[in-house]
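The structure appears right after this line, and notes come after that.
As the structure lists them, so they are numbered: ligands from 1, and atoms in each ligand from 1. As the structure is a computational prediction, the values presented were derived from the model and not from experiment.
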Amino acid sequence: MAVDWITFALPKGRLLPFATGLLRDAGLLRTEIDGNGRRLVYRDEERGLRYLICRAADVPTFVEYGAADLGVAGKDVILEQGKDICELLDLGFGECRFVVAVPASRLELFKDGLAGYLARCGQLRVATKFPRVAELYLRSRGLPGEIIRLSGNIELAPLVGLAEVIIDLVSTGRTLRENNLVAVEDIAVATARLVANRVFYQVKNDQLLALVEAVRKTLERGVQEC
Ligand SMILES: Nc1ncnc2c1ncn2[C@@H]1O[C@H](COP(=O)(O)OP(=O)(O)OP(=O)(O)O)[C@@H](O)[C@H]1O
Ligand SMILES: O=P(O)(O)OC[C@H]1O[C@H](OP(=O)(O)OP(=O)(O)O)[C@H](O)[C@@H]1O
């Protein structure tokens, strides 16, 4: 790989249309990327730009290890992983929030918050895909609790007695509603971020700054999903 190529790690899935729309508007993407396809690497030879289609949670890893210079990653994943990468821009899209949610049928038990629940019931198990965020949250509240890490469909856990509460991402609220859960506490809002490899951001500073500036100007104008 020539050193002057610039590689973007893009998240497949729900963030991809926004990320590609933004890069296209910024003049940094001319290739068609098929979000539903199996192809994982796209190149714009003329401009020396390369795009990697990564799992959303893997973008920080590709960037931290220098397999990509720049990447688009959710703040949720950034908070959870604590990777050594530079966060350059808040891209605004992919907004969701970390919440604590409980079964609506048990809401009364949580009327004095998680601390009140613990005092009443003596046990707090938290199912989540984000154990670090959950751990930090419990610690910041001085709450003892067991974190149960799941890979997805977190909402299932309190419905079958695997956990008393969940800590998960919510955007439309549909998944909570359809599983008779309610959010009782908000933890943090997350949006997609433009991130960079720490070393490359210094070494290729002129090249990367020009790209970051193009993205920043596009954000100021407003982004189209494509
Ligand atoms: N309601 C939401 N739930 C989860 N992630 C959301 C939501 N809304 C926006 N996002 C953003 O989308 C990213 C996850 O994208 P996506 O759901 O496509 O991947 P994933 O399901 O976590 O990963 P994969 O399919 O690779 O296991 C999150 O990191 C977050 O930044
Ligand atoms: O508020 P909503 O719009 O309903 O979105 C929230 C849901 O989306 C995410 O799950 P995802 O779709 O990523 O699937 P997963 O459970 O397999 O992680 C999240 O974990 C919630 O389950």
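Heavy-atom contacts of Gly13 reach the following atoms of ligand 1: 18 (O) (cutoff under 4.0 Å). Numbered from 1 in the order shown, with element, the atoms of ligand 1 that lie under 4.0 Å from a heavy atom of Lys12 read 18 (O). Heavy-atom proximity to Val77, at under 4.0 Å, picks out these atoms of ligand 1: 29 (O). Those atoms of ligand 2 with a heavy atom of Val170 less than 4.0 angstrom away are 1 (O). Residue-ligand proximity, Arg174 to ligand 2, at heavy-atom distances under 4.0 Å covers atoms 1 (O), 4 (O). For ligand 1, the atoms sitting less than 4.0 Å from at least one non-hydrogen atom of Gly74 are 31 (O), numbered in the order shown with element in parentheses.
Ranking the protein heavy atoms by distance from atom 6 (C) of ligand 1 puts Arg14 CD, 3.5 Å first. Atom 21 (C) of ligand 2 has its closest protein heavy atom at Glu155 OE2, 3.2 Å. Among all non-hydrogen protein atoms, the one lying nearest atom 14 (C) of ligand 1 is Ala56 CB, 4.0 Å. Scanning the protein heavy atoms around atom 29 (O) of ligand 1, the nearest turns out to be Asp76 OD2, 2.6 Å. Lys129 NZ, 2.9 Å is the protein heavy atom nearest to atom 18 (O) of ligand 2. Looking only at protein heavy atoms, the nearest one to atom 9 (C) of ligand 1 is Gly94 O, 3.3 Å. Closest to atom 1 (N) of ligand 1, if we only count protein heavy atoms, is Ser171 OG, 2.7 Å. If you check which protein heavy atom lies closest to atom 22 (O) of ligand 1, you get Lys129 NZ, 3.3 Å. For atom 4 (O) of ligand 2, the closest non-hydrogen atom on the protein side is Thr175 OG1, 2.5 Å. Looking only at protein heavy atoms, the nearest one to atom 16 (O) of ligand 2 is Asn153 N, 2.8 Å.
Using a 4.0 Å cutoff on heavy atoms, Arg14 counts as a contact of ligand 2. Ligand 1 lies nowhere less than 4.0 angstrom from a heavy atom belonging to Ala57.
When side chains are defined from C-beta on, Leu22 counts as touching Thr218, because their heavy atoms get closer than 4.5 Å.
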For Asp34 and Arg39: C-alpha separation, side-chain torsions, deciding distance, then whether salt bridge (charged side-chain N to carboxylate O under 4.0 Å, His left out) applies. CA-CA 8 Å; Asp34 175 9; Arg39 185 170 160 193; over 6 Å; no
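Counting heavy atoms under 4.0 Å from ligand 2, residue Asp168 touches it through the side chain alone. When heavy-atom distances to ligand 1 are checked against a 4.0 Å cut-off, Cys96 comes that close only through its side chain, counted from C-beta outward.
Looking at Gly173 next to ligand 2, an N or O pair under 3.5 Å apart turns up.
In Arg149, the CZ atom is crowded: over 12 heavy atoms of neighbouring residues, nucleotides or ligands sit closer than 6.0 Å.
When each of Ile166, Asn180, Val165, Val102 is paired with Pro158, the side chain to side chain contact (heavy atoms under 4.5 Å, CB included) condition holds for Ile166 and for no other. Paired with Leu23 under the rule side chain to side chain contact (heavy atoms under 4.5 Å, CB included), one option of Val72, Leu28, Leu211 passes, and it is Leu28.
By the criterion of side-chain heavy atoms lying less than 4.5 angstrom apart, applied directly or through intervening Ile, Leu, Val, Met, Phe, Trp or Tyr residues, Val59 is not grouped with Leu70; the two fall into different hydrophobic clusters.
Looking only at distances, a side-chain donor or acceptor of Glu164 sits under 3.5 Å from a matching main-chain atom of Arg125. A donor-acceptor contact shorter than 3.5 Å links the side chain of Glu80 to the backbone of Arg132. A donor-acceptor pair under 3.5 Å links the side-chain atoms of Lys204 to the main chain of Trp5, judged by distance alone.
With respect to the salt-bridge test (charged N to carboxylate O, under 4.0 angstrom), the residues Arg198 and Glu64 do not qualify. Using a 4.0 Å cut-off between charged side-chain N and carboxylate O, Lys111 and Glu108 make a salt bridge.
Heavy-atom proximity to atom 2 (P) of ligand 2, evaluated over Ile154, Leu169, Thr172, is greatest for Thr172. Of the listed options Lys75, Glu80, Arg55, Arg55 places a heavy atom closest to atom 26 (O) of ligand 1.
Aromatic rings from Tyr42 and Tyr51 are positioned such that their centres are separated by 6.0 Å or more.
Atom-to-atom distance recorded for Phe98:CZ and Leu169:CG is 4.5 Å, nearest 0.5 angstrom.
Distances from atom 14 (O) of ligand 2 to the protein include no heavy-atom value under 4.0 Å.
A cation-pi geometry, defined here as NZ or CZ lying under 6.0 Å from the six-membered ring centre and within 45° of its normal, does not hold between Arg106 and Phe110.
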